[in-house]
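Written below as structure tokens is the structure these notes are about.
Note that the numbering runs from 1 along the sequence shown for the chain. No hydrogens, no waters, no symmetry mates; every other heavy atom, side chains included, goes into these values. Indexing begins at 1, ligand by ligand and atom by atom, following the structure's order.
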Amino acid sequence: MTDTLPTPALDLPPGSPMWNPDFLFGAGTSAYQVEGAVSEDGRTPCIWDTFAGRPGAIRDGASAAIACDHYRRWQDDIDLLATLGFDAYRLSFAWSRLLREDGSVNPAGVAFYDRILDRLLAHGIKPFVTLYHWDLPQHLQDRGGWLNRDTAHRLADFADLASRHLGDRVHAWTTLNEPWCSAWLGHGTGLHAPGLAGEAYAVEAMHHLLLGHGLALPALRANGARQVGIVTNVTAISADTQRPADLQAVDLARACYNHWVLDPLFKGHYPEALASLWPAARPPIREGDMALIAAPMDYIGINYYFRANVRSDGEHGFADKGLDRVERTVMGWEVYPAGLRDVLIGFAGRYPNLPPVHITENGMSSDDHVIDGRVDDEQRVRYLQRHLDALGQAIRAGVDVRGYFAWSLMDNFEWTEGYAQRFGLVHVDYDTQARVPKDSALALQALLRRRRELSGARTGASRAARAPA
Ligand code: IFM
């Protein structure tokens, strides 16, 4: 019987700083993927509402109008997060819920996030808040969106108002989540909202996104924020031949997937390889932009999921060649834990000014079902274990990593994939909105409980040692 099988266990490398309670374990969500209530209490449409209305844009024509109904169920969801024992929660504020079209704050939006932050703090959970997780208000898109330099200034206004009204309870701020996806998927390939397709659009959008980050940093700091950073998705890159053209393709792919975001932040310029990848596209840099973009941050958030195995495309670019006979997730992404170690060690070497790192997303989608009240997601447990091992290796090699956030707390609206991909630690039944922690959630819960007991035992022992005889 399924319910007699033991929950698979997770462990941490012996002696690893991850055992220390200062190392944060968290889980993440984003507003658009979980909240629903897209037209309630003054929330205005965002680009994903518009995009989802395009025939064929989203699998099965799904919409995020209800999603996980988190707008109503936030209290139970946060209590569940606490029951699972997490130290931190990564969420985003919906720009179009928090601000009105005229730029003033929407009191109902502030009240919603106010309650969430209070409840997190009541449980002792540290809130990591992302300002922009892809949900640009539609009225800004109507004025050009990220192709309009003014949008960068509007992000800074959002940062200012959000931190002025809610910043006293935010542990860490993230300006942007995965600008690569906003720029390339949203403006290069057209697969994501707003659905534009062209290299020049992508390059322009990226510059304005990063400029928005650079403008938002001082706005957040002016309101007392002490932990401010950005979150970027990165890809491990390999080639399975030694042909010079394929090795060059590796460099181009690294420039495109990783350095396009990281070089401006930590070197103050875009990678030269971009000019050979997209000769006709130039970022619209104005004087002072790169200094703003490269201003020091308190941490960098790294989202790691998979590797790309590339080859030369025979012209001036690279093509994703894929690999046969590797383990994949339901999303089709290769499971390649060593890539997490390799990218982190690579970044620490390339950027001597790299700040402390949080792994802000790592996880996988699988075909999960509730059977007799249990979700056996054994592949996810193994996935987490192997990525924690790889992270331990990076830390041992000297990379300063301070936290690990699983993606995602619960199954949710997976953008163009609708509800077909389940990334959650917690299973969501979209008909009933019932939540069932999967085996992976229970394994993390047990690990975090063990960590607390060990640290309690240590603190107790050192207190006893200090106690007068
Ligand atoms: O669900 C997304 C998330 O919004 C951003 N990073 C990747 C996840 C999985 O695709």
Requested in this report: Considering only non-hydrogen protein atoms, determine which one is nearest to atom 7 (C) of ligand 1 and report residue, atom name and distance to 0.1 Å.
Outcome: Glu361 OE1, 3.2 Å
Query raised in the report: Between Trp146 and Trp134, does the ring centroid distance fall short of 6.0 Å?
Result: no
Query raised in the report: Can you tell me how far CG of Leu384 sits from CG of Asp389, rounded to the nearest 0.5 angstrom?
Result: 11.0 Å
Query - Numbered atoms of ligand 1 (with element) below 4.0 Å of Phe423, judged on heavy atoms - result: 9 (C), 10 (O)
Query - Flag, side chain of Asn106 to backbone of Arg97, donor-acceptor distance under 3.5 Å - result: yes
**Report entry** Between Phe86 and Phe25, ring centroids under 6.0 Å
**Finding:** no
Query raised in the report: Which of these passes side-chain contact (heavy atoms from CB on, under 4.5 Å) with Ile302: Asn362, Val401, Val357?
Result: Val357
Query raised in the report: Can you find an N or O of Trp415 that's nearer than 3.5 Å to an N or O of ligand 1?
Result: yes
Query raised in the report: Would you say Gln33 and ligand 1 have an N/O pair spaced under 3.5 Å apart?
Result: yes
Requested in this report: Would you check whether Trp407 has a nitrogen or oxygen atom less than 3.5 angstrom from a nitrogen or oxygen atom of ligand 1?
Outcome: yes
Query raised in the report: Is there any N or O on Glu178 that sits under 3.5 Å from an N or O of ligand 1?
Result: yes
Query raised in the report: Is any side-chain heavy atom of Leu99 less than 4.5 Å from a side-chain heavy atom of Val105?
Result: yes
Query raised in the report: Can a non-hydrogen atom of Trp333 be found less than 4.0 Å from any atom of ligand 1?
Result: yes
Query raised in the report: Are any of the heavy atoms in His133 under 4.0 Å away from ligand 1?
Result: yes
Query raised in the report: Quick one: does Trp134 get an N or O within less than 3.5 Å of an N or O on ligand 1?
Result: no
Requested in this report: Please confirm whether Glu414 comes within less than 3.5 Å of ligand 1 when only nitrogen or oxygen atoms on both sides are compared.
Outcome: yes
Query raised in the report: How does Phe413 reach ligand 1, by side chain, by backbone, by both or by neither, if only non-hydrogen atoms under 4.0 Å count?
Result: neither
Requested in this report: Give a yes or no on whether a salt bridge exists between Asp76 and Arg435, defined as a side-chain N under 4.0 angstrom from a carboxylate O.
Outcome: no
Query raised in the report: Picking from Phe51, Trp180, Tyr32, Trp48, what satisfies ring-ring contact (aromatic ring centres under 6.0 Å, His included) with His192?
Result: Trp48
